[in-house]
Amino acid sequence: GFSPEAVKAFGIGVAPVGWDGLVRAAMEAGFSTDTLEAVGLAKPRNGGGHYDVFRDRLMFPILSPIGKVLGFGGRILPDTPTASADYTPAKYINTPETEVYQKSRVLYGMKQAKRAIRTEREAIVVEGYADVVSLFQAGVQNVVAASGTALTPQQVDALGKLDVQRVVMLFDADDAGRNAARKGIEVALDAGLAPYAVALPEGADPDSFVRQFGADAFRRQLDENRLDFVDFLVEGARSADRLATPEGTLDAANEVLGAIRRVRNPILVDGYLRRAAQALDVPDADLRQLYDGKSRKPRRRREAELPPLAPEAAAPVVVPVRPQEYILLRLMLQQGIPMVEHVLSRMSLEEFSAGPLRQTVEALVEQYHAGKVEAGPFVHGQHGEAVRGLAIE
């Protein structure tokens, strides 16, 4: 059901039925089986040789915001044998964490969604790859997936770089879905964002919902059924019948106040306290007294986006700039975003010579994430004299 445009935009492919199609093709292309094994694409056979991890599956490449392939997710196909005497395939399998793929730092669909997210100042977070693709091709393009986990601080920081104000979490109407939404709310509040939660009708997911009812109905569902974190927590307590007793109401109030203490803006705090008192049906003054009687939870320091974890290494040795690097740098400075994306989706920062050249490329990446690449700051010395001299040259 995916359109050709969506298939191309997300790089969706297929793993054939055979046992070693990728292994043979990769070896012919010059890759070693050690590399394939290290990134989770092949496993050793008991009798010697290697076999493909992904077989007879629809393949979703997991990309960095700039377009580098970090890993893969594979979904069984409709006619995939689902069971045998000794084998039942999982609906989804994913490549393991590696030096380039840390699941907690990556949001699926970020490359395709970043422009719409920046425009709308809002990110919709869903669970699976198919949800992202179906919504994208239906015109809802500010959508990413947390790949089956609750939002992490690193993922929210990545959204924050796009000047996001609101994060809308779609969750399954079960305990696991509610717990994931609750954790995501806490992380979003710590990052200074406004979190909302939306539950789709029971048994529906974004993929099936938008296919059956269309994009307009999906947007109405988002607009009419979104709950801010106060209403979400109170509704959760009410559905669990915790508001039926004074003790349960006090417990729910403490849970809501714990979330409000993560908010830094005093105007927002005042509004959330009034909303909470009304939702919990308790006197506003009593709730404020309870709020003031506890110390405010210190806000989590926003973590900078870190490079992949690796053993500590010695300080890089500054080496002369290669002629090819001059050409790449000139093209990126002249052509802007398209060339930065083209070059850096094929090279890593570590492949550029250490020193002013790599500093210049790092600054270009920052400009790229901000949505505007221009040479002016470099030649005017905003990144230091060494970078200025290189850019002018």
Side-chain angles (χ1 to χ4, degrees), residues 11 39 61-71 98-102 104-107 109-119 144 153-164 191 301-393:
V39 297
I62 301 166
L63 307 178
S64 74
I66 207 166
K68 290 181 72 72
V69 177
L70 306 176
T98 65
E99 290 186 25
V100 297
Y101 177 49
Q102 284 96 44
S104 64
R105 299 178 182 273
V106 177
L107 286 164
M110 189 69 154
K111 178 184 185 298
Q112 295 81 2
K114 61 190 176 185
R115 182 175 299 174
I117 289 174
R118 184 179 282 115
T119 299
V144 292
Q154 296 94 332
Q155 290 169 338
V156 172
D157 279 342
L159 292 173
K161 291 182 178 180
L162 302 177
D163 293 328
V164 165
R301 180 178 64 84
R302 288 187 61 151
E303 298 177 35
E305 189 171 20
L306 300 174
L309 300 176
E312 288 188 6
V317 177
V318 178
V319 297
V321 177
R322 293 164 288 186
Q324 297 91 335
E325 293 179 309
Y326 275 118
I327 296 171
L328 291 176
L329 181 57
R330 175 171 57 81
L331 288 171
M332 288 190 286
L333 287 169
Q334 287 181 341
Q335 303 298 324
I337 284 179
M339 188 56 66
V340 172
E341 184 169 303
H342 181 80
V343 172
L344 293 178
S345 64
R346 291 160 174 81
M347 294 180 64
S348 67
L349 285 173
E350 290 72 22
E351 292 180 85
F352 288 93
S353 298
L357 179 82
R358 191 179 298 172
Q359 293 169 19
T360 305
V361 178
E362 289 173 345
L364 282 169
V365 172
E366 289 296 322
Q367 286 191 344
Y368 175 88
H369 285 307
K372 186 177 183 181
V373 173
E374 53 187 350
F378 297 96
V379 300
H380 294 144
Q382 292 184 21
H383 299 286
E385 281 302 309
V387 170
R388 177 176 178 270
L390 177 63
I392 291 175
E393 184 179 352

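The model shown is predicted, which means the values in this text are computed figures rather than measured ones. Only heavy atoms go into these numbers, but all of them, side chains included; no hydrogens, no water, no symmetry mates.
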Backbone N or O of Val106 within a donor-acceptor pair of the Gln155 side chain at under 3.5 Å? yes
Side-chain donor or acceptor of Gln359 paired with backbone N/O of Val387 under 3.5 Å: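 Answer holds: no.
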With side chains defined as the heavy atoms from C-beta onward, is the minimum distance between [X] and [Y] less than 4.5 Å?
| X | Y | value |
| --- | --- | --- |
| Glu362 | Val365 | no |
| Tyr368 | Met332 | no |
| Met339 | His342 | yes |
| Met110 | Leu162 | yes |
| Pro65 | Lys161 | no |
| Ile392 | Phe378 | no |
| Lys111 | Glu341 | yes |

Could you go through Ile327 and Arg330, starting from their C-alpha distance and side-chain angles, then the distance that decides it, and tell me whether this counts as side chain to side chain contact (heavy atoms under 4.5 Å, CB included)? CA-CA 5 Å; Ile327 296 171; Arg330 175 171 57 81; 4.2 Å; yes
For Leu364 and Leu333, what are the C-alpha separation, side-chain angles and deciding distance, and is it a side chain to side chain contact (heavy atoms under 4.5 Å, CB included)? CA-CA 8 Å; Leu364 282 169; Leu333 287 169; 4.0 Å; yes
Sole candidate of Ile62, Val100, Leu63 that passes side-chain contact (heavy atoms from CB on, under 4.5 Å) when paired with Val69: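 Among Ile62, Val100, Leu63, the one that satisfies the side-chain contact (heavy atoms from CB on, under 4.5 Å) with Val69 is Leu63.
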Determine, stepwise, if the pair Val343 / Leu331 fulfils side chain to side chain contact (heavy atoms under 4.5 Å, CB included). CA-CA 9 Å; Val343 172; Leu331 288 171; 5.9 Å; no
From Leu328 atom CG to Arg346 atom CZ, the distance as rounded to the nearest 0.5 Å: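 Between atom CG of Leu328 and atom CZ of Arg346 there are 11.5 Å.
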Once rounded to the nearest 0.5 Å, what's the spacing between atom CG of Leu329 and atom OG1 of Thr360?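 If I round to the nearest 0.5 Å, the distance is 5.5 Å.
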Run the side chain to side chain contact (heavy atoms under 4.5 Å, CB included) check on Met347 and Val361 step by step: do they pass? CA-CA 11 Å; Met347 294 180 64; Val361 178; over 6 Å; no
